[in-house]
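By convention here, the first residue in the shown sequence is residue 1. Keep in mind that the numbers below use all heavy atoms, side chains included, and drop hydrogens, waters and symmetry copies.
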Amino acid sequence: MDYQAKLQAPFGMLGIHCTDDALTGIDFLPAGGQAQPPRTGFARKVCEQLSAYLADPRFRFDLPLAPGGTVHQNRVWRLMCAIPAGKVRSYGELAAEIGSAPRAVGQACGNNPIPVVIPCHRVVGKSGLGGFMHHSDGTALDIKHWLLTHEGAL
């Protein structure tokens, strides 16, 4: 993949995709890779804001986003952005708010191209963490657990 930056995080590496003026994606990459300095001024701003969040979970992102996605996905992603750090909501709660189904909300969460900034990690199952990045265990759930612990939600 061609990244505009790669930022070291406590749980691995974040691969940054962006245009000159909007964030389009963040990939979770394995730990141990080489960080890559930002290639553009906007990529530098993305890295600065992600670093600020990793240092202080109450940091509020103010980046222009261009996630693409369907109308339904964008409705779910907007709801996720309204969940404050340190709080969680269930798939069912979000589904009820937009007249959808919990499974469809879960699919939208899993398809979120800009995790951390669009905080899909703040959406949980009614009796547990739920999934993360279309996985229900392993490294993906470890990252979700780290993010929620970092924010004080666990």
Side-chain angles (χ1 to χ4, degrees), residues 1 3 5-18 22-33 35 43 45-154:
M1 287 301 256
Y3 296 102
K6 290 182 187 175
L7 179 68
Q8 189 66 48
F11 44 78
M13 187 79 63
L14 297 173
I16 310 301
H17 296 281
C18 58
L23 179 59
T24 59
I26 296 176
D27 293 334
F28 292 106
L29 306 174
K45 182 176 179 178
V46 171
C47 289
E48 288 168 356
Q49 290 200 18
L50 284 166
S51 294
Y53 166 79
L54 293 170
D56 176 6
R58 301 292 181 231
F59 177 81
R60 297 186 68 127
F61 294 99
D62 67 351
L63 298 164
L65 307 178
T70 66
V71 171
H72 179 265
Q73 288 170 333
N74 278 278
R75 290 177 72 200
V76 173
W77 298 338
R78 277 191 298 277
L79 286 177
M80 289 189 295
C81 287
I83 304 169
K87 303 291 182 191
V88 296
R89 296 195 56 205
S90 73
Y91 300 103
E93 288 172 324
L94 295 185
E97 192 168 327
I98 60 172
S100 184
R103 186 166 295 221
V105 168
Q107 287 298 311
C109 288
N111 290 327
N112 173 16
I114 310 176
V116 181
V117 176
I118 298 176
C120 52
H121 59 278
R122 295 179 189 153
V123 183
V124 298
K126 63 181 172 184
S127 61
L129 283 182
F132 193 59
M133 302 183 301
H134 293 298
H135 293 84
S136 58
D137 59 9
T139 302
L141 229 50
D142 291 343
I143 293 170
K144 183 173 186 169
H145 188 270
W146 188 94
L147 290 166
L148 291 173
T149 300
H150 175 61
E151 294 181 357
L154 294 181

Enquirer: Roughly how far, to the nearest 0.5 Å, is the NE2 atom of H121 from the CG atom of L148?
Expert: 5.5 Å
Enquirer: Can you check whether K87's main-chain N or O pairs, donor with acceptor, with R122's side chain at less than 3.5 Å?
Expert: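 No; judged by distance alone, with no hydrogens or angles, the pair does not exist.
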Enquirer: Taking all atoms of both residues into account, what is the closest heavy-atom pair of A22 and A66, and its distance?
Expert: CB-CB, 3.9 Å
Enquirer: Tell me, do V117 and L50 make a side-chain contact under 4.5 Å, heavy atoms counted?
Expert: yes
Enquirer: Can you see which heavy atom on Y91 is nearest to which on G125, and at what distance?
Expert: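 Distance-wise, the nearest heavy atoms are CE1-N, 3.4 Å.
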Enquirer: Please round to the nearest 0.5 Å and tell me the distance separating atom CD1 of I118 and atom CG of N112.
Expert: 4.5 Å
Enquirer: Measuring only between side-chain heavy atoms, which start at C-beta, is T139 closer than 4.5 Å to F28?
Expert: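 They are not in side-chain contact.
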Enquirer: Tell me, please, which residues at least two apart from T70 pass side chain to side chain contact (heavy atoms under 4.5 Å, CB included).
Expert: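 Here the qualifying residues are H72, Q73.
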Enquirer: Assign the ring pair W146 / H150 to parallel, tilted or perpendicular, where the plane angle (0 to 90°) is split at 30° and 60°.
Expert: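 Rings of W146 and H150: parallel, under 30°.
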Enquirer: Find out whether F11 and L54 are in side-chain contact, i.e. whether some heavy atom of one side chain is under 4.5 Å from a heavy atom of the other.
Expert: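 Yes - at least one pair of side-chain heavy atoms lies under 4.5 Å apart.
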Enquirer: Would you mind telling me which of E93, K144, R89 makes a side chain to side chain contact (heavy atoms under 4.5 Å, CB included) with V124?
Expert: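 Exactly one option meets the side chain to side chain contact (heavy atoms under 4.5 Å, CB included) with V124, and it is K144.
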Enquirer: To the closest 0.5 Å, what do you measure between SG (C81) and CD1 (I114)?
Expert: 8.5 Å
Enquirer: Sequence neighbours excluded, which residues qualify as side chain to side chain contact (heavy atoms under 4.5 Å, CB included) partners of H17?
Expert: M1, Y3, Q4, T24, D27
Enquirer: Search all heavy atoms of A140 against all heavy atoms of M133 and return the closest pair with its distance.
Expert: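 The pair with the smallest heavy-atom distance is CB-CE, 3.4 Å.
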Enquirer: So V123 and V76, do their side chains get closer than 4.5 Å, heavy atoms only?
Expert: no
Enquirer: Atom CG of L63 and atom CD of E48: how far apart are they, to the nearest 0.5 Å?
Expert: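 These two atoms lie 10.0 Å from each other.
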Enquirer: Before you tell me yes or no, could you show the steps for Q49 and D62 under side-chain contact (heavy atoms from CB on, under 4.5 Å), namely the whole-Å CA-CA distance, both residues' side-chain angles and the distance that decides it to 0.1 Å?
Expert: CA-CA 8 Å; Q49 290 200 18; D62 67 351; 2.4 Å; yes
Enquirer: With rounding to the nearest 0.5 angstrom, report the CG to NZ distance, L29 to K6.
Expert: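 Those atoms lie 6.0 Å apart.
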Enquirer: Ignoring hydrogens and angles, tell me if any N or O in the side chain of H145 forms a donor-acceptor pair with the backbone of L154 under 3.5 Å.
Expert: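 No; judged by distance alone, with no hydrogens or angles, the pair does not exist.
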Enquirer: Can you name the closest pair of heavy atoms from P115 and C120 and give their distance?
Expert: CB-SG, 4.1 Å
Enquirer: So which atom in P57 and which in A85 form the shortest heavy-atom distance, rounded to 0.1 Å?
Expert: O-CB, 3.3 Å
Enquirer: When rounded to the nearest 0.5 angstrom, what distance separates SG in C47 from CD1 in I16?
Expert: 5.0 Å
Enquirer: Between the main-chain N or O of Y53 and the side-chain N or O of R58, is there a donor-acceptor pair closer than 3.5 Å?
Expert: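 Such a contact is absent between R58 side chain and Y53 backbone.
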Enquirer: With sequence neighbours excluded, tell me which residues meet side chain to side chain contact (heavy atoms under 4.5 Å, CB included) with P113.
Expert: P67, W77
Enquirer: Is the number of heavy atoms from other residues, nucleotides or ligands under 6.0 Å of H134 NE2 greater than 12?
Expert: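 Enclosed.
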